Amino acid sequence: MNDHSYIEATPTVLKTKRPDTRNEVRREALRLFAERGYAAVSMRDIGEAVGVRQGAIYNHFASKQDLLADLMTGHMETLIEALDEALDGLDGPVARLAAFVRFHVGYHIDKPDDVFIAYMELRSLEPDHRQRVHALRNRYEAVLRDILADGVGQGAFRVPDIAVQTRAIIAMMTGVTVWYREGGRLGRRQTIESYVQMTMQSVGINGPAGGDR
């Protein structure tokens, strides 16, 4: 009788798997759409940038249109969630307006590609997707509109038309992505505080805003 005093080793099969292909696709698509424009980028281009076959992208997104819609709705949903956190616990329209401006300008400085796509490629969305993005934008704008309405109601702000003022302030702040460059004459904090001051002056408040940080 032979005594086999050894244990036969079982080969270990190592499976290599990309850690998060979906997020890689989103990141590279965002970069390519911002650089070249949505219409000029193909799914093959995105696949090559990620390092996967074009077909692998369809495991995560049904089409290039669905990918664009995901980027744009994701941007707005993240924006709204982050805004809620920035305003949490703040009382009074002056403090809330200052916090809104600091959040909006800072976020847009940090995520210029997301902002560029959200505005420039809205025209590329199919009607159903466009309607959803518009609904999210309205939710975001409603926060600022309510702050302005509270300020007017309390006599803190002088605003002739709240709806117009809301859109004017958002357009002014979003414009930071056009000219701001890291390492430029104004740093991030200086830029943000300049926008706070301009916004406060636009609603009839002169001097430092509350909650400066």
Side-chain angles (χ1 to χ4, degrees), residues 26-27 30-31 33-35 68 71-123 133-152 154 156-213:
R26 294 180 83 258
R27 184 173 58 249
L30 178 68
R31 180 182 64 81
F33 291 163
E35 287 179 358
L68 177 65
L71 289 173
M72 294 179 69
T73 56
H75 163 70
M76 288 306 307
E77 288 167 353
T78 300
L79 189 68
I80 292 169
E81 182 179 354
L83 174 63
D84 289 343
E85 294 179 3
L87 298 180
D88 186 43
L90 292 178
D91 293 321
V94 175
R96 288 174 64 81
L97 179 57
F100 187 102
V101 175
R102 291 188 180 103
F103 165 76
H104 186 98
V105 177
Y107 190 97
H108 283 59
I109 285 175
D110 294 339
K111 296 185 177 292
D113 285 352
D114 298 77
V115 175
F116 179 82
I117 295 301
Y119 283 87
M120 296 305 296
E121 295 298 351
L122 187 62
R123 61 192 175 186
V133 172
H134 275 306
L136 290 169
R137 283 190 176 188
N138 289 338
R139 278 179 56 192
Y140 185 79
E141 288 185 6
V143 176
L144 177 56
R145 191 165 57 247
D146 289 346
I147 292 172
L148 295 178
D150 286 345
V152 170
Q154 296 179 26
F157 300 155
R158 294 194 301 275
V159 176
D161 188 299
I162 291 172
V164 172
Q165 189 76 12
T166 298
R167 294 189 177 95
I169 289 174
I170 287 179
M172 176 183 70
M173 294 189 300
T174 302
V176 71
T177 59
V178 175
W179 65 267
Y180 178 83
R181 296 294 180 272
E182 187 175 352
R185 182 175 63 84
L186 290 179
R188 185 179 187 278
R189 177 182 169 82
Q190 291 174 299
T191 298
I192 292 171
E193 294 308 317
S194 292
Y195 274 94
V196 172
Q197 183 178 2
M198 288 187 290
T199 301
M200 289 300 172
Q201 289 174 345
S202 77
V203 298
I205 293 180
N206 295 311
D212 187 24
R213 57 182 183 271

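Predicted, not measured: the structure shown is a model, and the values here were computed from it. Atom set for the values below is all heavy atoms of this structure, side chains included, hydrogens, waters and symmetry mates excluded.
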[X] side chain vs [Y] backbone, donor-acceptor pair below 3.5 Å:
X	Y	result
Tyr195	Gly106	no
Gln165	Ser202	yes
Thr174	Ala171	no

Exercise for review: For side chain to side chain contact (heavy atoms under 4.5 Å, CB included), just list the numbers for Arg188 and Asp110, CA-CA rounded to whole Å, side-chain angles, deciding distance to a tenth of an Å, and then say yes or no.
Suggested key: CA-CA 9 Å; Arg188 185 179 187 278; Asp110 294 339; 2.8 Å; yes

Distance (rounded to the nearest 0.5 Å) between [X] [atom1] and [Y] [atom2]:
X	Y	atom1	atom2	answer
Asp84	Arg139	CG	CZ	7.5 Å
Tyr180	Leu186	OH	CG	8.5 Å
Arg123	Glu121	CZ	CD	5.5 Å
Thr73	Met76	OG1	CE	10.0 Å
Thr166	Ile147	OG1	CD1	9.5 Å
Leu122	Met120	CG	CE	10.5 Å

Check your understanding: For Asn138, does the CG atom have more than 12 heavy-atom neighbours from other residues, nucleotides or ligands under 6.0 Å away?
Key ->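 Atom CG in Asn138 is crowded, with more than 12 foreign heavy atoms closer than 6.0 Å.
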
Check whether any side-chain heavy atom of [X] lies under 4.5 Å from a side-chain heavy atom of [Y], and answer yes or no.
X	Y	result
Asp114	Leu79	no
Met173	Phe100	yes
Leu144	Leu97	yes
Val176	Ile192	no
Phe103	Leu87	no

Review point. Cation over ring, Arg145 on Phe157, under 6.0 Å and within 45°?
Key: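 No; the conditions do not both hold, so Arg145 does not lie above the ring face of Phe157.
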
**Study point:** Ionic contact status for Glu35 with Arg31, cut-off 4.0 Å
**Key:**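 Judged by the 4.0 Å cut-off on N to carboxylate O distance, Arg31 and Glu35 do form a salt bridge.
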
Review point. Is any side-chain N of the basic residue among Arg96 and Asp146 closer than 4.0 Å to the acidic one's carboxylate O?
Key: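 Result for this pair is no, no salt bridge flagged.
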
Which pair of heavy atoms, one from [X] and one from [Y], lies closest together, and at what distance?
X	Y	result
Ala86	Ala99	O-CB, 4.3 Å
Thr199	Met172	OG1-CE, 3.3 Å
Val94	Ala156	CG2-CB, 4.4 Å
Thr177	Val115	CG2-CG1, 4.0 Å
Asp161	Val164	OD1-N, 3.0 Å
Ala118	His75	CB-CD2, 3.5 Å

Check your understanding: So His108 and His104, would you call those rings parallel, tilted or perpendicular, with 30° and 60° as cut-offs?
Key -> parallel

